[in-house]
> 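Before we start, here is the structure in question, set down as structure tokens.
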Amino acid sequence: MRVAVLALVLTASTLAHAAPKADHVCAPNESKATCPLGRVRMCAKDGALAECVCPPGQAVSKGACVDDAAPFAAQCVVPDATIGKALGVQLELGTLEVPPLTTLEQADASTATSINLTTATDAQLIRAAEAWESIEGASAYGANAGLGAKSKSKLAARDQAVEKAIGARRAFLARFAGHARLDEQRVALARALLRRAAYAGVGKTVDPDRKAARGLLEQVVAAATGSRACRDAAFMLGEQAVRDREWPLAIAHEERVLKWAALKANADDHAFLAAASARLAQARLETADLARARPALDDAVTVGLSCAPRAECVTASSAARGVLAAVWAA
């Protein structure tokens with residue numbers, strides 16, 4: 001990977017003078033205002049030129065930049081625009097967004113799928129949805145392992161199962177609007193809708209399914225109860241924002257994930273902390289917010305190491321460490 005790096009070192013006195021109006025070194029697409037030859041352009045948070053500072057190893061003397069004999073430490077590094085993309089390519093976090101489907105014994109699945117959706121209790125509807133998703137997963141696995149007609153029949157069974165699971169989840173939401181597990185079931189329905197859209201690939205139902213899933217997740221995030229469902233919904237919306245390159249939205253959602261996962265009320269919270277820190281670092285790099293990208297990378301490394309060898313933790317940690325080594329170490 002080729003990374004163009006411009007290392008800019010600011011002395012302690014320069015940093016003290018720059019804060020708080022100067023936020024970062026100006027990116028190529030920010031302020032077009034020029035600085036005197038030999039000065040570094042520093043921008044504010046809004047992208048406007050804040051001031052012109054002396055380059056690394058120099059200090060101001062009588063209005064001019066002169067060599068500074070005092071020792072200094074690297075404080076600011078500006079990578080080019082490819083580094084955020086390079087980080088994103090290394091992040092494989094799909095199991096957090098769409099975890100493996102429930103697996104039930106065949107006898108249990110048969111019993112649960114035979115219930116009447118209009119008269120079933122809340123627990124029966126949840127069980128029925130899980131049963132259909134168990135059949136969906138088994139059918140998808142069988143389709144991948146099969147050939148010809150066998151594979152086609154398994155795909156048909158998979159598609160029928162996800163339809164039934166969606167029906168059961170929707171019946172629950174319609175009949176138990178004030179239920180304690182409402183947000184959890186909204187997230188589960190959103191995942192099912194996204195799977196159905198992925199199975200279809202193209203067609204009239206794909207865009208409506210994705211839109212409906214996003215609406216359900218936004219409802220959960222808006223509730224802001226700090227529950228596991230809120231954390232999951234924010235992460236899924238953050239991943240969608242990354243795919244759509246909506247970086248401000250990605251930052252907002254990842255910060256919500258970090259806030260809710262910080263409660264550490266669930267065994268998965270450490271994995272979400274590591275993954276969200278890495279995604280937040282990617283979004284910060286893509287928006288040229290270098291001052292806050294570095295701490296996010298550090299957090300991804302630290303938290304990722306704490307929950308290794310879990311795959312998401314290792315991915316987040318190694319990807320963040322690679323960026324730190326390739327950019328800041330240079």
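Counting from 1, the numbers follow the sequence of the chain as shown.
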> Other than L155, which residues form its hydrophobic cluster under the rule that side-chain heavy atoms must be closer than 4.5 Å?
none

> By the ring pair (Phe, Tyr, Trp, His ring centres under 6.0 Å) test, which pairs, at least two apart or in different chains, include something from residues 258-313?
F235-F272

> Taking disulfide (SG to SG under 2.5 Å) as the test, write out the residues that go with C230, two or more places apart.
none

> Report the residues that fulfil side chain to side chain donor-acceptor pair (under 3.5 Å) with R310, sequence neighbours left out, ordered by chain and then residue number.
D268, E312

> Only pairs at least two apart or in different chains count here, so list each salt bridge (Lys or Arg N to Asp or Glu O under 4.0 Å) that has a residue in residues 249-265.
E255-R284

> Could you go through E97 and R243, starting from their C-alpha distance and side-chain angles, then the distance that decides it, and tell me whether this counts as salt bridge (Lys or Arg N to Asp or Glu O under 4.0 Å)?
CA-CA 13 Å; E97 184 179 10; R243 287 190 289 272; 3.0 Å; yes

> Check side chain to side chain donor-acceptor pair (under 3.5 Å) between E163 and all other residues, then give those that pass, not counting sequence neighbours.
R196

> Only pairs at least two apart or in different chains count here, so list each salt bridge (Lys or Arg N to Asp or Glu O under 4.0 Å) that has a residue in residues 197-207.
none

> With sequence neighbours excluded, tell me which residues meet side chain to side chain donor-acceptor pair (under 3.5 Å) with D122.
H179

> Could you pull out the closest heavy-atom pair between V257 and A276, with the gap in Å?
CG1-CB, 3.6 Å

> Donor-acceptor pair, distance only, cut-off 3.5 Å: does the side chain of Q240 make one with the backbone of M236?
no

> Under 3.5 Å, is there a donor-acceptor pair between the R279 and Q282 side chains?
yes

> Which pairs count as ring pair (Phe, Tyr, Trp, His ring centres under 6.0 Å) when at least one residue sits in residues 184-219, sequence neighbours excluded?
none

> For L305, what residues pass the side chain to side chain contact (heavy atoms under 4.5 Å, CB included) criterion, not counting sequence neighbours?
V301, S317, R321

> If the condition is side chain to side chain donor-acceptor pair (under 3.5 Å), which residues does N116 pass it with, not counting sequence neighbours?
T118

> May I ask you to check whether over 12 heavy atoms, not counting those of R228, lie within 6.0 Å of atom CZ?
no

> Working to the nearest 0.5 Å, report the span between CG of D299 and CG of L280.
8.5 Å

> I'd like to know if the side chain of D269 and the backbone of N266 have a donor-acceptor N/O pair within less than 3.5 Å.
yes

> Name all pairs fulfilling the salt bridge (Lys or Arg N to Asp or Glu O under 4.0 Å) condition that reach into residues 172-185, sequence neighbours left out, sorted by first residue then second.
R181-E184, D183-R186

